[in-house]
Amino acid sequence: MPAARDSRILITGARAPAALELARILASAGAAVWTADSLRWPLGRYSALTRGHFRVPSPRFESAAFGEAVRTIAAREELTLILPTCEEVFHLAEVRPALTGGFWDGATRLLELHDKGRFAELVASLGLRGPETRRIRGPADLAIPGEWVLKPAFSRFGVEALLPPYSARSLARVAAEVHSGRAWIAQRFLAGRAFCTYSVAWRGRLNAHACYPVAARAGGASITWQAIEHPAIRTWVETFLRATEFHGQIAFDFIENAVGVPEAIECNPRATSGAHLWAGRSDLADAFLGPLDEALVPSAGARAATKIPLLLQGWRGVRECGGLAAWRGWMRGAKDAISRPDDPRPALAQGAALAELAAIALRHGLSLPAASTHDLAWNDRPPL
């Protein structure tokens, strides 16, 4: 396995806090790290631990130019590893034959996992646990008995998911979108505790794994993370990776049902902020460089939070954390995922990064979460 100190790495999707975390981890392991993004002021560009930053075309709206830009960077900087963190991974997968060092699976597999309907079908075919899932093909499918969660087959952060009971207006909107060609699914509602995972896989082998319960969220995304051991979830993940021989970063959302059995409801075949649970742990770099004899896990009790969003959530954040005492525990006792004494500039740049997203949201009539992925999201229809 090559040593991290010999690696030359480009991390794309530098806007993501997870990208900043991975850049810091890989740089602290001795790798030469660059970042790239189509936004002007992504957090990752401000890290003092990287060699530099590249602004690239939009993966969604200028896909060919984006691929060519990454190819040019890879050749000029003699990269040994390209590590995507957001949905630009799907666009990179399309140009994979022209790239070396890409840490992701094939385009067919990635899109199968990104499509919530196809992912559910795959889970069922492997004999793994997941809630019953149906494709919505017309108005009749919106009248099925029982409690179901409705959501687009290609979506993120859960912000468009409809939980029962639904309004007539919401059902009419879903029917209209299905009629226009957008894919939606109905997934049987599960009551229970929610967990997320973040894993690194090397051709079906689990190289690194983190599991954390869902607590406080902003825009549907977790803003607090606490590492736990959940043997049943880890077994599920290992079984899935072996069966699919998956290669790359992958994350799952689970609901632990009424009898304590975890069921996978969604998959994100990319990086997620579970990476923050390795803050300060340079050994995670090894997970991207070759197969490991034993999977890396976060330090016992590792905790992290993005504290400005947690503060801005106000009483909602307090409730999601489990009360004022627990909220204070996160604010005082957890590592801040952005602020770091030896790399202070990203924390200072949060205002600029947020202002850019707010401008995009205003320009296109989007929410902030939607604005954060507007120019790199992969959906089931051509960009609007």
Side-chain angles (χ1 to χ4, degrees), residues 9-20 22-23 33-40 42-45 53-77 79-116 118-119 152-157 181-183 200-201 221 246-251 266-273 275 288 356-357 360 364 366 369-384:
I9 301 170
L10 177 69
I11 297 177
T12 61
R15 71 193 66 187
L20 173 63
L22 291 174
V33 179
W34 290 263
T35 58
D37 203 295
S38 49
L39 292 182
R40 186 179 300 275
L43 284 177
R45 73 168 293 173
H53 174 78
F54 300 98
R55 190 177 184 195
V56 294
S58 162
R60 181 183 179 193
F61 298 112
E62 302 172 86
S63 184
F66 167 69
E68 182 59 33
V70 174
R71 283 193 292 268
T72 300
I73 295 166
R76 183 170 66 241
E77 304 300 340
L79 299 178
T80 56
L81 180 67
I82 301 170
L83 192 62
T85 57
C86 302
E87 289 187 17
E88 80 279 359
V89 65
F90 305 116
H91 304 275
L92 285 170
E94 286 196 319
V95 296
R96 182 175 186 170
L99 287 170
T100 58
F103 193 72
W104 56 82
D105 214 314
T108 299
R109 175 66 78 193
L110 290 174
L111 293 176
E112 179 182 32
L113 302 181
H114 186 40
D115 182 327
K116 293 173 174 52
R118 293 176 65 195
F119 169 68
F154 292 88
S155 55
R156 51 214 57 86
F157 307 131
R182 190 181 189 194
V200 181
F246 184 82
H247 185 73
Q249 300 174 92
I250 192 165
E266 293 185 11
C267 175
N268 294 305
R270 53 174 175 79
T272 66
S273 289
F288 303 104
E356 182 172 18
L357 295 181
I360 293 170
H364 298 284
L366 302 171
S372 72
T373 62
H374 177 65
D375 63 334
L376 53 71
W378 181 286
N379 295 309
D380 60 336
R381 57 182 178 179
L384 298 178

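Side-chain atoms are counted along with the backbone in the values below, which use heavy atoms only and exclude waters and symmetry mates.
R60 places a side-chain N or O within donor-acceptor distance of the main-chain N or O of H374, the cut-off being under 3.5 Å. Under the 3.5 Å distance criterion, the side-chain polar atoms of T85 are matched with a main-chain donor or acceptor of G13. Between the side chain of E266 and the backbone N or O of F119, no donor-acceptor pair lies under 3.5 Å.
Residue R118 holds its CZ atom at 12.0 Å from SG of C267, rounded to the nearest 0.5 Å. To the nearest 0.5 Å, atom CG of residue L20 and atom OG of residue S273 are 10.5 Å apart. Atom CG of N379 sits about 7.0 Å away from atom CD of E87, to the nearest 0.5 Å. Distance check, rounded to the nearest 0.5 Å: OG1 of T35 to CZ of R45 gives 8.0 Å. To the nearest 0.5 Å, the span separating CH2 on W34 from CD1 on I11 amounts to 11.5 Å. R270 contributes atom CZ, which lies 11.5 Å from atom CG of L110 (distance to the nearest 0.5 angstrom).
More than 12 heavy atoms of other residues, nucleotides or ligands lie within 6.0 Å of CZ in R55, so this atom counts as buried by the packing criterion.
In this structure, P269 and F90 have side chains that are in contact, with non-hydrogen atoms separated by less than 4.5 Å. In this structure the side chain of I82 never reaches within 4.5 angstrom of the side chain of R71, judged on heavy atoms. The side-chain heavy atoms of V56 and E88, taken from C-beta on, include no pair separated by under 4.5 Å. With contacts defined as side-chain heavy-atom distances shorter than 4.5 Å, the pair I360/L39 qualifies. You'll find the side chain of V33 stays beyond 4.5 Å of the side chain of L22, heavy atoms only. W104 has its side chain out of reach of Q249: every pair of non-hydrogen atoms, C-beta onward, lies at least 4.5 Å apart.
Between P42 and D37, the shortest heavy-atom contact is CG-CB, 3.7 Å. Heavy-atom minimum distance, A201 versus F246: CB-O, 3.5 Å. When all heavy atoms of H53 and A14 are compared, the pair lying nearest together is CE1-CB, 4.0 Å.
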Between F66 and L376, does a side chain to side chain contact (heavy atoms under 4.5 Å, CB included) hold up when you go through it step by step?
CA-CA 10 Å; F66 167 69; L376 53 71; over 6 Å; no
Could you walk me through whether L113 and R109 pass the side chain to side chain contact (heavy atoms under 4.5 Å, CB included) check?
CA-CA 6 Å; L113 302 181; R109 175 66 78 193; 4.3 Å; yes
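For the pairing with L10, the side chain to side chain contact (heavy atoms under 4.5 Å, CB included) check across T80, I73, L83 returns one residue only, I73.
Remark: F154 engages H114 in a ring-ring contact (aromatic ring centres under 6.0 Å, His included) (not counting sequence neighbours).
Side-chain contact, T373 with R15: no donor N or O sits under 3.5 Å from an acceptor N or O.
Taking the six-membered ring where the residue is Trp, the centroids of H91 and F61 are separated by 6.0 Å or more.
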